[in-house]
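Only a predicted model underlies this, so the values are computations on that prediction, with no experimental measurement involved. Residue indices begin at 1 and follow the sequence shown. Reckoned from all heavy atoms, side chains included, excluding hydrogens, waters and symmetry mates.
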Amino acid sequence: MTKADPKKFHIKSFGCQMNVYDGERMSEMLVDQGMTAAENSEAADLVVLNTCHIREKAVDKVYSDIGRLRRKDGSSPMIAVAGCVAQAEGKEISRRAPSVDIVVGPQAYHRLPELMETAKSGKKALDTDMPAISKFDILPTRGKQARPTAFLTVQEGCDKFCTYCVVPYTRGAEISRPWSDLVDEAKALVDGGAREITLLGQNVNAWSGEDEKGNMQGLDGLIRALDRIPGLKRIRYMTSHPNDMTDGLVAAHGDVGSLMPFLHLPVQSGSDRILKAMNRSHSVRSYLTILEQMRAVRPDIALSGDFIVGFPGETDQDFEETLQIVRDANYSQAFSFKYSPRPGTPASGMDDQIAPEVMDERLQRLQALLNEQQYAFNQQTVGRTTDILLERQGKLDGQLIGKTPWLQSLHIISPDLKIGDMVEVEIARAGPNSLTGEIKERMAA
Ligand code: SAH
Ligand code: SF4
Ligand code: F3S
């Protein structure tokens with residue numbers, strides 16, 4: 001059956017911020033093609049599900065979302081499944097969900113318009129190639145930013161092959177985007193209104209490239225170059241791998257004014273035995289050493305991390321060691337997950353898979369400790385005067401929500417301010433998940 005030429009699209013992104021970034025780039029490309037963005041999937045005649053494959057539930061969600069796109073009259077919009085599930089499952093998606101018209105992997109988005117042409121003729125369209133030419137070279141250049149904060153993917157893919165993880169298979173090998181492309185894109189984002197840029201990569205601190213003079217640079221060199229862009233007030237980056245943390249990047253936290261005091265550095269487990277089985281190639285000691293170095297140059301740095309509980313073979317003793325590294329490292333926020341066996345990964349075939357109720361109990365204990373640390377961190381910032389970048393409207397009248405340099409959400413009430421303003425605020429109160437503040441001074445744009 002042929003499908004009508006879609007005019008309105010809706011993109012739903014799941015998973016990590018790199019998917020959010022890809023979703024924005026796809027959206028810009030479709031607008032460039034003359035389409036308009038619809039408010040929601042009901043109002044769209046093309047729906048792109050930009051999926052995540054990292055844990056089991058993420059995949060189940062995609063299939064139930066596809067089912068929900070069917071309209072009351074039995075029709076459905078043109079459906080494209082993009083992202084990491086598309087890469088991992090490929091043709092299997094069209095088999096399990098016949099209403100899907102297009103399957104497009106994360107490195108093939110620039111081909112979406114051609115795939116739509118195929119789908120219009122009633123054929124199934126699939127592209128999960130990882131071509132040598134990067135999608136970034138083909139997608140249109142950045143348009144006007146509606147928001148004061150922007151993402152910029154600088155690095156993609158992963159060569160680390162942690163034994164539990166699908167990312168090396170879904171995103172492919174590590175690549176760094178060229179220096180000049182990134183500097184140009186950052187300038188375009190700032191010209192369009194961005195005040196804060198978060199540099200993204202599955203292993204963002206593995207970024208390397210030649211600067212305009214032909215000298216090799218690491219992420220710290222790139223950050224120093226972006227720091228010179230007038231109007232760019234804040235730079236962040238995520239996610240970092242402990243093995244790619246260089247002395248230069250640590251040093252940048254000490255002397256680059258716009259580099260925010262926040263570090264997302266996943267450790268996954270506090271047991272060296274489990275880290276080895278995970279193929280993490282760092283130890284508890286080497287992780288804590290990085291934190292010591294960071295805190296020596298930037299004592300107020302806020303630490304975030306990722307944890308997995310219930311990796312195959314994890315004993316009570318191993319888990320106690322995870323609680324211990326949390327106490328030693330001290331997090332301002334963190335993400336923690338139950339281990340989820342992923343098809344094709346070495347860990348999914350390991351003996352000694354952990355019972356779900358054991359995982360539940362461990363996750364609860366870990367999260368209780370992490371929540372306690374987050375609350376304590378928030379309380380400790382009360383009384384500080386700091387700058388806030390206002391990012392969005394709150395629920396109350398005249399309420400705006402912004403972020404502190406330490407990535408905490410802060411709510412203020414002020415009818416005179418607007419999104420995009422930077423204000424100096426005294427942190428007045430702290431809750432477990434957010435802060436409130438009082439305005440001291442409005443800062444120059
Ligand atoms: N590149 C980053 C993380 C990418 S995935 C890093 O290495 O730190 C984001 C997080 O998802 C991981 O840090 C890990 O905590 C979690 N994760 C990945 N695979 C998982 C799995 N199979 N089960 C549970 N959590 C997983
Ligand atoms: Fe996955 Fe490990 Fe690569 Fe992170 S470093 S993306 S956890 S394989
Ligand atoms: Fe998910 Fe793919 Fe990101 S699996 S976490 S969307 S890299």
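Considering CG of Leu389 and CG of Leu410, their distance stands at 12.0 Å, rounded to 0.5 Å. Taken from CD in Gln333 to CG in Asn371, the straight-line distance is 11.5 Å, to the nearest 0.5 Å. Separation of atoms CG (Leu263) and CZ (Arg298) is listed at 12.0 Å; rounding is to 0.5 Å. Once rounded to the nearest 0.5 Å, the distance linking CE of Met278 with CZ of Arg273 reads 11.0 Å. Atom OH of Tyr375 is separated from atom CG of Asn433 by 10.0 Å, given to the nearest 0.5 angstrom. Atom CE in Met116 sits 6.0 Å away from atom CE in Met78 (nearest 0.5 Å).
Salt bridge status for Arg362 with Asp316: present, with a side-chain N to carboxylate O gap under 4.0 Å. Salt-bridge check for Glu292 with Arg285: passed, with a basic side-chain N closer than 4.0 Å to an acidic carboxylate O.
Both tests hold for Arg96 against Tyr63: distance to the six-membered ring centre under 6.0 Å, angle to the ring axis within 45°. Relative to the ring axis of Tyr109, Arg25 does not place its NZ or CZ within 45° and under 6.0 Å from the centre.
The backbone N or O of Ala347 lies less than 3.5 Å from a partner atom in the side chain of Gln353, making a donor-acceptor pair. Listed for the Asp45 side chain is a donor-acceptor partner under 3.5 Å among the backbone atoms of Lys8.
Considering every non-hydrogen atom in both Ser76 and Ser99, the closest pair reads OG-CB, 4.3 Å. Of all heavy-atom pairs between Val284 and Ser271, the closest is CG2-N, 4.2 Å. In this structure, Leu366 and Leu323 approach most closely via the heavy-atom pair CA-CD2, 3.9 Å. A pairwise comparison of heavy atoms in Cys158 and Val167 identifies CB-CG1, 4.1 Å as the closest pair. Across every non-hydrogen atom of Val85 and Ile93, the tightest pair is O-CD1, 3.8 Å. In plain terms, the two heavy atoms of Gly15 and Cys52 that are nearest each other are CA-CB, 3.5 Å.
Side-chain contact of Glu321 with Gln317: a donor-acceptor pair under 3.5 Å is present, judged by distance alone. In summary, the side chains of Ser269 and Glu314 do not present any donor paired with an acceptor at a separation below 3.5 Å, with no hydrogens or angles considered. Judged by distance alone, the side chains of Asp227 and Ser258 do bring a donor and an acceptor atom under 3.5 Å apart. Under 3.5 Å, the side chains of Ser336 and Gln367 contain a donor-acceptor pair of N or O atoms. Donor-acceptor pairing under 3.5 Å is lacking for the side chains of Asp360 and Gln364. Side-chain atoms of Ser281 and Asn243 include a donor-acceptor pair closer than 3.5 Å.
Applying the side chain to side chain donor-acceptor pair (under 3.5 Å) test to every pair with at least one member in residues 170-180, sequence neighbours left out, gives these pairs: Asn19-Arg171, Tyr21-Arg177, Asp22-Arg171, Glu156-Arg171, Lys160-Glu174, Glu174-Asn203, Arg177-Glu185, Trp179-Glu212. Sorted by first and then second residue, the pairs that involve residues 195-250 and meet ring pair (Phe, Tyr, Trp, His ring centres under 6.0 Å), not counting sequence neighbours, are Tyr237-His253, His241-His282.
Few gaps surround NZ on Lys124; more than 12 heavy atoms of other groups in view lie less than 6.0 Å from it. Residue Asn215 places its CG atom among more than 12 non-hydrogen atoms of other residues, nucleotides or ligands, all under 6.0 Å distant. The environment of Arg327 atom CZ is dense: over 12 non-hydrogen atoms of other residues, nucleotides or ligands sit within 6.0 angstrom.
Within the 4.5 Å cutoff, no side-chain heavy atoms of Met260 are placed close to those of Ile235. Between Leu303 and Arg295, some side-chain heavy-atom pair lies under the 4.5 Å cut-off. With contacts defined as side-chain heavy-atom distances shorter than 4.5 Å, the pair Phe337/Tyr164 does not qualify. Under the 4.5 Å side-chain criterion, counting only non-hydrogen atoms from C-beta, Asp300 is in contact with Trp406.
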Q) salt bridge (Lys or Arg N to Asp or Glu O under 4.0 Å) between Glu89 and Arg95: does it pass, once the steps are laid out? A) CA-CA 10 Å; Glu89 305 241 309; Arg95 203 187 57 75; over 6 Å; no
(Q) Run the salt bridge (Lys or Arg N to Asp or Glu O under 4.0 Å) test on Arg236 and Glu196 for me, step by step, so that the C-alpha distance in whole Å, both residues' side-chain angles and the decisive distance to 0.1 Å come before the verdict. (A) CA-CA 8 Å; Arg236 303 182 184 275; Glu196 173 181 300; 3.2 Å; yes
Q | Test log, rule salt bridge (Lys or Arg N to Asp or Glu O under 4.0 Å), inputs Arg147 and Glu24 | A | CA-CA 12 Å; Arg147 277 170 285 126; Glu24 287 169 3; 3.2 Å; yes
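For the side chain to side chain contact (heavy atoms under 4.5 Å, CB included) test with Thr239, the passing option among Gln17, His264, Met18 is His264; the others fail.
Under the rule for a salt bridge (charged side-chain N to carboxylate O under 4.0 Å, His left out), Glu56 has no partner lying at least two apart in sequence or in another chain.
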